[in-house]
Number of protein chains: 2
Amino acid sequence: MKVAKQSSEKKLTLIDVAVAAGVSAITVSRVINQPEKVSEALRHQVQKAIDMLGYIPNQYASSLASSKSKVIGVAIPSLSNTVFTDVLRGIYDVMGTAGYKVLLVDTHYSPLEEEKMIRTLLSQAPEALIITGGDQTKTCQNLLQKARVPVVQIMEILSQPLDMNVGFSHWQAGYDVATHLLSEGYARVGFIGARMDQRVQQRMQGFKKALEDAGKLWKNFIVTSPEPSSIEMGGELFKSLLASTNGVVDAVFCANDDLALGALFESQRMNINVPGDLALCGFNDIEAARFVNPSLTSVQVGRYEMGVKAAEMVINRLNGKMDEPKIVDMGYQIKKRQSTTN
Amino acid sequence: MKVAKQSSEKKLTLIDVAVAAGVSAITVSRVINQPEKVSEALRHQVQKAIDMLGYIPNQYASSLASSKSKVIGVAIPSLSNTVFTDVLRGIYDVMGTAGYKVLLVDTHYSPLEEEKMIRTLLSQAPEALIITGGDQTKTCQNLLQKARVPVVQIMEILSQPLDMNVGFSHWQAGYDVATHLLSEGYARVGFIGARMDQRVQQRMQGFKKALEDAGKLWKNFIVTSPEPSSIEMGGELFKSLLASTNGVVDAVFCANDDLALGALFESQRMNINVPGDLALCGFNDIEAARFVNPSLTSVQVGRYEMGVKAAEMVINRLNGKMDEPKIVDMGYQIKKRQSTTN
DNA sequence: CTGATAAATGATAGCGCAATCATTCATCTT
DNA sequence: AAGATGAATGATTGCGCTATCATTTATCAG
């Protein structure tokens with residue numbers, strides 16, 4: 001084995017390794033990509049050269065030559081929302097194991113930004129995309145169509161998915177929460193929501209429908225804000241709701257657990273007893289919901305599992321399994337806890 | 001302008017656009033990358049063709065030809081920890097604006113996995129890397145060295161950074177928290193910690209040193225677990241601490257806010273009054289710390305800003321500004337709240 | 001109006017790798 | 001032992017783009 005200069009200035013290529021190992025370039029390529037096609041002796045010899053030189057393949061050259069990028073593009077609306085990062089973990093865990101890289105972008109809840117970001121993703125020639133929800137711009141949908149790339153839309157069930165779809169019905173979840181609160185005997189049920197993205201809107205619509213069906217929907221029992229959701233915002237919205245209802249509200253469905261915690265903490269400060277005076281229900285079932293006092297009724301969603309499922313769907317598709325279902329409803333579960341115990 | 005078939009099967013290349021626009025390929029390339037070098041008339045003509053065809057450049061070919069990837073690699077230990085996703089947001093916001101893509105990997109707190117992941121990152125020929133902490137394997141350090149890529153280590157100040165470094169001293173923060181608790185009159189101060197990564201270890205060491213200096217360090221007042229940190233774990237560790245100290249502990253420094261919340265919620269369930277019977281201090285100052293009742297003393301760190309700073313350091317370096325400081329201490333601030341009010 | 005300079009555009013080559021096809025060599029069959 | 005088969009290895013070519021240098025066209029001084 002010839003020994004090349006250790007501290008060469010220019011970057012190492014396959015050929016450097018090939019020379020060092022005394023084989024041809026393509027053999028080195030095979031050792032890296034299809035080791036079973038190379039005899040054991042040569043394989044070791046080449047591997048030794050690779051390790052010695054610290055060679056790292058240039059993925060760009062590889063992708064260009066093979067038109068396989070091993071990249072999956074993922075677009076989520078926010079990096080600071082555990083709802084999305086939980087899903088992300090599922091995606092990363094599966095994709096990592098399967099040898100795919102994840103190129104992640106943050107759309108900041110904006111379809112226009114999403115369009116820009118998806119352009120970026122597409123320029124990396126991803127083998128598939130996982131994107132959030134269904135409110136892409138028309139241009140963006142065209143781009144995706146044209147790219148002929150498998151796409152999974154996650155987080156919610158869509159009526160007309162672009163391709164594959166994993167999620168659950170936020171409308172139904174909202175409907176069920178309202179029904180649950182009514183069945184527990186609460187009669188003046190309010191709603192607080194922030195950010196008001198498509199999914200929150202749907203939860204609210206479902207919620208409103210259930211109350212309407214029961215003849216218990218009043219406009220002043222709904223308080224929302226376009227601002228980002230947060231614990232602090234939950235407290236604010238809760239106070240607004242109390243004001244707009246003159247304090248007669250007896251249960252509040254909060255669009256997510258952060259808002260619910262904010263409402264809970266605020267009501268503690270106001271000496272409003274939960275659940276004695278007021279019931280609270282959150283959404284997402286983050287860890288705090290289980291452990292706060294009183295524990296918080298919430299809607300559990302298999303977020304990690306949703307990420308796993310989306311990733312698996314992508315991988316199946318890439319492996320040519322076309323017979324898998326294209327739409328998967330992950331469902332949800334209302335976790336009844338102390339905060340709605342009448 | 002010639003019009004190409006709209007729904008061609010094969011993917012579009014520069015040349016397709018060039019033909020459609022009636023110019024040479026390189027001119028199209030210039031319109032995309034250095035528009036100021038092309039006359040306005042041609043520029044519009046080409047742009048029209050690009051839009052019409054829905055052309056998206058192949059980044060792999062571009063990167064291979066120009067050896068500029070416009071990719072920044074980022075490695076963090078966990079995707080489900082807000083501490084890291086906050087930093088990430090800062091990185092994404094700056095990098096996105098500057099036209100860089102972020103390739104993110106999750107090392108699951110394991111140096112071995114980190115080594116593997118950094119190999120992956122390097123194979124994408126990133127222009128720089130942002131990695132977490134300083135406990136890379138030797139092999140990994142060699143890889144990084146050899147790659148001659150700017151590296152920023154974030155989250156903590158290291159004695160021997162590989163290259164650039166942004167963070168703060170966890171040791172000092174731990175020392176200061178202990179000092180603060182002692183100065184508030186607490187005399188039997190305990191510590192609970194989970195996961196016990198390098199940064200938690202350092203906080204604990206600083207904490208222990210301060211107690212030792214004050215002659216108030218006892219082994220049974222320190223309870224840790226290698227398991228992941230969580231609210232639930234905080235409750236468990238808190239109960240263990242009570243057991244191992246026979247309940248005489250009068251203040252607890254929790255290695256992070258999740259643990260602190262767990263301890264707080266658990267003490268509420270045990271009818272231990274905070275801060276009346278027991279003081280609690282967290283770390284990281286997540287939003288809940290400000291709003292929970294009693295509000296939780298914690299250590300505030302500019303995580304988003306840390307991400308921004310790291311990204312800016314990278315960009316400055318890539319733009320040839322070599323005179324910037326290589327080590328930036330972001331500092332921290334102890335936020336004194338109700339939970340440690342004697 | 002000539003030549004010089006700058007601005008705009010084009011032709012060519014090569015980035016580092018893997019697909020493809022060709023070749024060599026070992027093993028087996030009858 | 002000759003031929004057949006398959007495994008192991010290699011030579012060539014091109015992926016889609018940009019760097020480089022060459023060429024053309026516009027602009028201007030004297």
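Here is how names work: the chains are called A, B, and so on, in the same order as the sequence lines, proteins then strands, and each is numbered from 1.
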Can you check the A:Gln59 CD to C:dC17 P distance for me, whole Å? 10 Å
With a 6.0 Å cut-off (strictly less than), is the heavy-atom count around CZ of A:Arg119, excluding the residue itself, greater than 12? no
Side-chain contact test, heavy atoms from C-beta onward, threshold under 4.5 Å: evaluate it for B:Ser63 versus B:Ser69 and give yes or no. yes
Considering every strand and a 4.0 Å limit on heavy-atom distances, what is the contact class for A:Ser67: base, sugar-phosphate, or nothing? nothing
In this structure, how many angstroms lie between the P atom of D:dC17 and the CD1 atom of B:Ile15, rounded? 8 Å
Rounded to whole angstroms, how far apart are CD1 on A:Ile50 and C1' on C:dG16? 15 Å
Calculate the interatomic distance between B:Gln34 atom CD and D:dC17 atom P; express it in whole Å. 15 Å
Rounding to an integer number of Å, can you tell me how far B:Leu12 CG sits from D:dC17 C1'? 15 Å
Please work out if B:Leu64 contacts a base, only the sugar-phosphate, or nothing of the nucleic acid, heavy-atom cut-off 4.0 Å. base
Would you kindly give the CG-to-P distance between A:Leu14 and C:dC15, to the nearest whole Å? 13 Å
Interatomic distance where CD1 belongs to B:Ile32 and P belongs to D:dT18 [whole Å]: 7 Å
Are B:Asn316 and B:Glu312 close enough that a side-chain donor and a side-chain acceptor fall under 3.5 Å? no
Annotated protein contacts, base or backbone, on nucleotides 6-13 of chain D with a non-hydrogen cut-off under 4.0 Å, one of B, S, - each: --SBBB--
